[in-house]
Amino acid sequence: MNDDRLSTNDLERRELQLSILACVAVSILAIGTAMFMYPVVFSQQDQPAYRNLRAAFLGFCVLSVLLTAYLWNQQMTIRRLRRRITGTRERMAEAQRSASEALLSTMADLRSFQDRLPMEHRRAMTVSEPLSVLIVSVRIPGESSPSLLTSAVGDAAKAIARKLRKQDSMYLLGPTAFAVILPGVNPALAQKISGRVSDGLSDAAGAANRFTCKLHSVSYPENAATSRELEQAVRAFVPSEESVGAASKAPDLDPVH
């Protein structure tokens, strides 16, 4: 954002310099032409034929002043419009960031995930159905401001939610990591859902690739036999700087066999 802002300011400064140069050039040419015309026009003031030349000379001077003023006014108008557009974009970005913050603040967190996972695991064991967990990690290329990160994570959350079923539940495990519990989903179906979610995330990232995502899935009973093993498998795919420390502060889940 800072680089873009500096580039915009530099572009506006260069455009202003070009406009000043154009106005000065027009003024110099007009003054020079008027100086060459003046002796010819006013040397023979008593002759009626020179009245038209004097009128043309005065008209030329007036038109030169008007042209210079017009060029300067147009440049000022363009600068004002550009500043309005920039301000509108900044307000839209701020509104999107606020909406993303509100969305993320209402999402279930890591503790809720730890409470829900053993319940879903016990249900899957009771009805002999598979259970899968999809892990999504969001990354922004290069350094980014907190507002850009929040907007990207919020957009990713919306994209994920649009691709889920009604019985699925999504959780925010860390600042840029999500987990989705998929009841009744085996590994093959989990891969299909992962591909659908990946397509939605690519659309949300846009052509500029505002962010990238890594998706992983773990399933019961293929990858883990207990809820503890499922949670440990999920933690393995979550970036360590985000939620492992937070997870270690939460009480460990008792294994459900």
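Tyr70 and Ile78 sit in two unconnected hydrophobic clusters of ILVMFWY residues. Membership requires side-chain heavy atoms under 4.5 Å apart, directly or through other members. Cluster annotation: Val138 and Leu103 are assigned to distinct hydrophobic clusters (Ile/Leu/Val/Met/Phe/Trp/Tyr, side-chain heavy-atom contacts under 4.5 Å, transitive). Met107 is connected to Val180 through a chain of hydrophobic side-chain contacts under 4.5 Å among Ile, Leu, Val, Met, Phe, Trp and Tyr, so both are in one cluster. Residues Leu29 and Ile20 do not share a hydrophobic cluster, defined by chaining ILVMFWY side chains whose heavy atoms lie under 4.5 Å apart. A continuous path of ILVMFWY side-chain contacts below 4.5 Å connects Leu201 to Leu104, so both sit in one hydrophobic cluster.
A 4.5 Å side-chain heavy-atom check between Arg228 and Gln232 finds at least one atom pair inside the cut-off. Side-chain contact between Thr86 and Arg89: absent, with no pair of heavy atoms (C-beta onward) separated by less than 4.5 Å. In this structure the side chain of Val65 never reaches within 4.5 angstrom of the side chain of Leu63, judged on heavy atoms.
Atom-to-atom distance recorded for Ile28:CD1 and Leu21:CG is 8.5 Å, nearest 0.5 angstrom. One finds the OG atom of Ser198 at 13.5 Å from the CD1 atom of Ile193 (value rounded to the nearest 0.5 Å). Remark: Glu120 CD to Asp115 CG distance equals 12.5 Å, nearest 0.5 Å. To the nearest 0.5 Å, the span separating CD on Glu231 from CZ on Arg235 amounts to 4.0 Å. Between the CG atom of Leu189 and the CG atom of Leu182 there is a distance of 8.0 Å, given to the nearest 0.5 Å. Note that CG of Leu215 is 7.0 Å distant from CD1 of Ile160, once rounded to the nearest 0.5 Å.
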Could you go through Leu230 and Leu117, starting from their C-alpha distance and side-chain angles, then the distance that decides it, and tell me whether this counts as side chain to side chain contact (heavy atoms under 4.5 Å, CB included)? CA-CA 8 Å; Leu230 276 175; Leu117 184 61; 4.0 Å; yes
Walk me through it: do Arg79 and Arg83 pass the test side chain to side chain contact (heavy atoms under 4.5 Å, CB included)? CA-CA 6 Å; Arg79 285 173 62 87; Arg83 288 176 180 175; 2.7 Å; yes
Using side chain to side chain contact (heavy atoms under 4.5 Å, CB included), reason through Thr226 and Tyr220 one step at a time and then give a plain yes or no. CA-CA 8 Å; Thr226 65; Tyr220 160 83; over 6 Å; no
Determine, step by step, whether Leu131 and Ile181 satisfy the side chain to side chain contact (heavy atoms under 4.5 Å, CB included) criterion, reporting the C-alpha distance in whole Å, the side-chain angles of both residues, the deciding distance to 0.1 Å, and the verdict. CA-CA 8 Å; Leu131 175 66; Ile181 297 179; 3.9 Å; yes
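For Phe237, the ring pair (Phe, Tyr, Trp, His ring centres under 6.0 Å) partners are His216, not counting sequence neighbours. In this view, Glu129 and Arg123 satisfy the salt bridge (Lys or Arg N to Asp or Glu O under 4.0 Å) rule, not counting sequence neighbours. Under the side chain to side chain donor-acceptor pair (under 3.5 Å) criterion, Gln74 pairs with no residue, sequence neighbours left out. Under the ring pair (Phe, Tyr, Trp, His ring centres under 6.0 Å) criterion, Phe178 pairs with no residue, sequence neighbours left out.
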Which atom pairs, donor and acceptor, lie under 3.5 Å between side-chain atoms of residues 149-159 and protein residues at least two apart or in another chain?
from	atom 1	to	atom 2	distance (Å)
Thr150	OG1	Pro146	O	2.9
Ser151	OG	Ser147	O	3.1
Asp155	OD2	Arg210	NH1	3.4
Asp155	OD2	Arg210	NH2	2.7

Can I get a per-line list of side-chain donor-acceptor pairs under 3.5 Å for residues 162-171, giving both atom names and the distance, sequence neighbours left out?
from	atom 1	to	atom 2	distance (Å)
Arg165	NE	Asp168	OD1	3.1
Arg165	NE	Asp168	OD2	3.1
Arg165	NH2	Asp168	OD1	2.7
Arg165	NH2	Pro183	O	2.9
Asp168	OD2	Arg165	N	2.9
Ser169	OG	Tyr171	OH	3.2
Tyr171	OH	Arg116	NH1	3.4

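For the pair Leu172 and Gly174, the tightest heavy-atom approach, listed with the atom from each and the gap, is CD1-O, 3.0 Å.
Side-chain polar atoms of Ser202 and Asp199 form no donor-acceptor pair below 3.5 angstrom.
A distance-only check finds no donor-acceptor pair linking the side chain of Asn73 to the backbone of Ala69 [under 3.5 Å]. A distance-only check finds a donor-acceptor pair linking the side chain of Glu229 to the backbone of Ala225 [under 3.5 Å].
Shown here is Met119, whose CE atom has no more than 12 heavy atoms of other residues, nucleotides or ligands within 6.0 Å.
Tested against Ser132, the residues Ser217, Ser194, Ser219 include a single side chain to side chain donor-acceptor pair (under 3.5 Å) partner, Ser219.
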